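Just below is one structure, and these are the notes that go with it.
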There are 2 protein chains.
Amino acid sequence: MEKKTTIYDIAKKLGITGATVSRALNNNPKISKATKALVLKTAVEMNYEQNKLALALKSGKSFNVGVVVPRIDMIFFASIIRAIEDELAPHGYHIIICQTHDDEEKENKYLDTLLNAQVDGILISSSNKKTKPFNRVLLKNIPLVFFDRKQVMNGVSSVTIDDFDGAYKATKHLIMEGYTRIAHFSGNRDIDIYKNRFLGYKQALIDHDIKFSTNYVIQTPSNTVAGRQALKQLLKLKQAPDAIFSASDLAALGAIQELKQHSIKIPDEFAVVGFSNEPFTKFMEPSISTVDQSPLKMGEIAAQVFLQQVSNSSGKKVKKNIILPPELIIRKSSSKLSN
Amino acid sequence: MEKKTTIYDIAKKLGITGATVSRALNNNPKISKATKALVLKTAVEMNYEQNKLALALKSGKSFNVGVVVPRIDMIFFASIIRAIEDELAPHGYHIIICQTHDDEEKENKYLDTLLNAQVDGILISSSNKKTKPFNRVLLKNIPLVFFDRKQVMNGVSSVTIDDFDGAYKATKHLIMEGYTRIAHFSGNRDIDIYKNRFLGYKQALIDHDIKFSTNYVIQTPSNTVAGRQALKQLLKLKQAPDAIFSASDLAALGAIQELKQHSIKIPDEFAVVGFSNEPFTKFMEPSISTVDQSPLKMGEIAAQVFLQQVSNSSGKKVKKNIILPPELIIRKSSSKLSN
DNA sequence: TATATTTGAGTAATCGATTACAAAAGCTAA
DNA sequence: TTAGCTTTTGTAATCGATTACTCAAATATA
């Protein structure tokens, strides 16, 4: 194994000191052209490469950023991470990925190890119910940016989408298409995003003088089986709905599968709108209307907010709470016109 | 901002030296129970946390591993990374993600910066045509593991799937189902995986006495539009095919869309098998037969191979070339029986 | 009690780079 | 030729932790 070349190896070879070598390599003006050229040439010859670890220790900047998500093999998070990486890489930052699997304890442990690893910032979609674990991050004055799922904290930035607005738009769209008995597949409303989608749905009904009924709201895990199950349940009602706004695309798909089985025509007799713009929604037959959360935009902006915070040398904390507008994507599953 | 507590802060407070504090914190036996207890208590009081950067510089181990992929928002790579992270996290390793966007130059730059960042290993699905950039990794004796796309190099491990076998199985399945004019949507055969899928397809035909024809092989980018286009082209042939084995699920989907447009019945008149087991294949109508590449298994094993290499203190290089068997997933698009 | 052996803690080097300060060398001008 | 600059280089501290080596104190042994 080749031992790594250090500045001292170069220094010894040239009979000078490490300080001079360092100056030559860093465009420090306090050095003669001749020495500089010689050092540079020798550095190349000896395959010298800077040890970023030593630099990080000295400078206090590791150029590593922790990105914490529930899991990365969900396309939504993968897209966000993609955008974060694309945005930060040109600035020399590396992305360290952590998956919490929605386990609060795991998340807290990751926060600890990221801090110990001396990351320059943490971008996180938090599974945490408490803000306490984040105090340690703030105490160390490490930029912290929430995305997707946020915590409300002093001086902490966040980038989220307006779930309320997305749900409102989706529901209003169904109303405008002429559907009147609109049900809702909700996620776990202890989680903000699902609560807001529920509230947006409810408000749209109210604003358009449609009676809101709890019978029409079913808490549905995000999978097709649960969607089918929930739809069956709705069909049993005396007054069955004629449309569903689902907080999850997979549950929406389940509903569609079940509707097909019952030979209920989509969208003529029944409309479905999902949420998330999962890749499959575009390809299905019928294609599924859904709400796009623009994960790329979210990642890009989260990264930009982080960059602003680190470049903000003034020490003042920049708090930005950016709420992205979701985009309703109307496809065949809810649009009589486009059929 | 709170200044981070170092072992010297603890030492000063207790009137001892940093060495003693270090020993207390590291279960070094050369320390009295009393001092140790005192240090431990004080460390907690002062919120001491080990600076891993300093440790990494001293020990030469950063506990960071670079993972390089074309892009992470492709579910295949996202799944591999998920498995790698799940496997390595319990061993204290952090994953640094790099996206090459299939740009060779970018990939080489990433290899450089990862080495400079003193990673303990590199796991990569390479876009590189040359092996030279990897010599630097080997020279530094850093474990290198290829997955999915490999380079053939001395002493370098790889985890791939048997593309030939997957293609062979898929094609054979079509033959067994009674299709006789089987076409192939191929990717760019300069890339090994596509070459091997092509060869597996061809061999299956030959082994079952079916004439191989270059007219039936179309190079098709991985998207639906290209798939539709390619299918149109095939239908124009005097002797149109009755089945397609596509090296890409998206192209397969395009073919199916086009078949539907032509009111050609699937699978009765025409069968389609894709490759990759993209999530949407399961949900489509008809569901699409495909070849699963078990990305989770691949990531898990790649991580394990890495762990073996680092734990292998002997300095001997462990070279492992693991080829995973792909799994043919038979769904409605190619199975008359299951319909 | 005197010597040998443990035990516990300090000293200082090390990992690799940067940089304030000091010092030496080169140059200018009187 | 020499005081006074400027330029270039060296010295040594620093970032935070670990550890071989040394030495003093405490304990054990004769």
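First the proteins, then the strands, lettered A, B, ... as listed; each starts at 1. Worth saying up front: this structure is predicted, and the values here are computed from it rather than measured.
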Counting only pairs under 3.5 Å, give me each side-chain donor-acceptor contact of residues 293-304 of chain B, with atom names and distances, residues two or more places apart or in other chains.
{"residue": "Q293(B)", "atom": "OE1", "partner": "S276(B)", "partner atom": "OG", "Å": "3.2"}
{"residue": "E300(B)", "atom": "OE2", "partner": "Q304(B)", "partner atom": "NE2", "Å": "3.4"}
{"residue": "Q304(B)", "atom": "NE2", "partner": "E87(B)", "partner atom": "OE2", "Å": "3.2"}

Exercise for the section: Indicate yes or no: does R82(B) engage D86(B) in a salt bridge with an N to O separation below 4.0 Å. Expected result: yes
Exercise for the section: May I ask you to say whether K109(B) pairs ionically with D103(B), meaning some side-chain N is under 4.0 Å from a carboxylate O? Expected result: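 D103(B) and K109(B): not salt-bridged.
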Please work out if [X] contacts a base, only the sugar-phosphate, or nothing of the nucleic acid, heavy-atom cut-off 4.0 Å.
X       : result
Q118(A) : nothing
I7(B)   : base
S59(B)  : nothing
L57(B)  : base

Summary of ring-ring contact (aromatic ring centres under 6.0 Å, His included) pairs that have at least one residue in [range], sequence neighbours excluded:
range                       : result
residues 127-157 of chain B : F134(B)-F146(B)
residues 43-72 of chain A   : F63(A)-Y93(A)
residues 7-32 of chain A    : none

Exercise for the section: Using heavy atoms to find the nearest nucleotide of DNA chain D for Y8(A) and K30(A) separately, return the residue whose nucleotide is more 5′. Expected result: K30(A)
Problem - Residue met sooner reading DNA chain C from 5', once I31(B) and T6(A) are mapped to nucleotides - result: I31(B)
Apply salt bridge (charged side-chain N to carboxylate O under 4.0 Å, His left out) to [X] and list each qualifying residue two or more places apart in sequence or on a separate chain.
X       : answer
D192(B) : K195(B)
K129(B) : E104(B)
D148(B) : none

Practice task
Identify, with sequence neighbours excluded, every residue that meets side chain to side chain donor-acceptor pair (under 3.5 Å) alongside N64(A).
Solution key: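 Per chain and number, N64(A) pairs via side chain to side chain donor-acceptor pair (under 3.5 Å) with no residue.
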Handout entry: Boundaries of the chain B footprint along DNA chain D (any atom under 4.0 Å from a heavy atom)
Key =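 Counting from the 5' end, contacts occupy dG16(D) to dA20(D).
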Problem - Residues touching DNA chain C, which here means a heavy atom under 4.0 Å, drawn from residues 16-28 of chain B - result: I16(B), T17(B), A19(B), T20(B), R23(B)
Handout entry: Degree of bending in the helix from dT1(C)-dA30(D) to dA30(C)-dT1(D) once both end axes are built from five pairs, to 10°
Key =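 Answer rounded to 10°: the end axes differ by 60°.
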Handout entry: Residue pairs involving residues 33-45 of chain B (criterion salt bridge (Lys or Arg N to Asp or Glu O under 4.0 Å); sequence neighbours excluded)
Key =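 For residues 33-45 of chain B, and leaving out neighbouring residues, the salt bridge (Lys or Arg N to Asp or Glu O under 4.0 Å) pairs sorted by first residue read K41(B)-E45(B).
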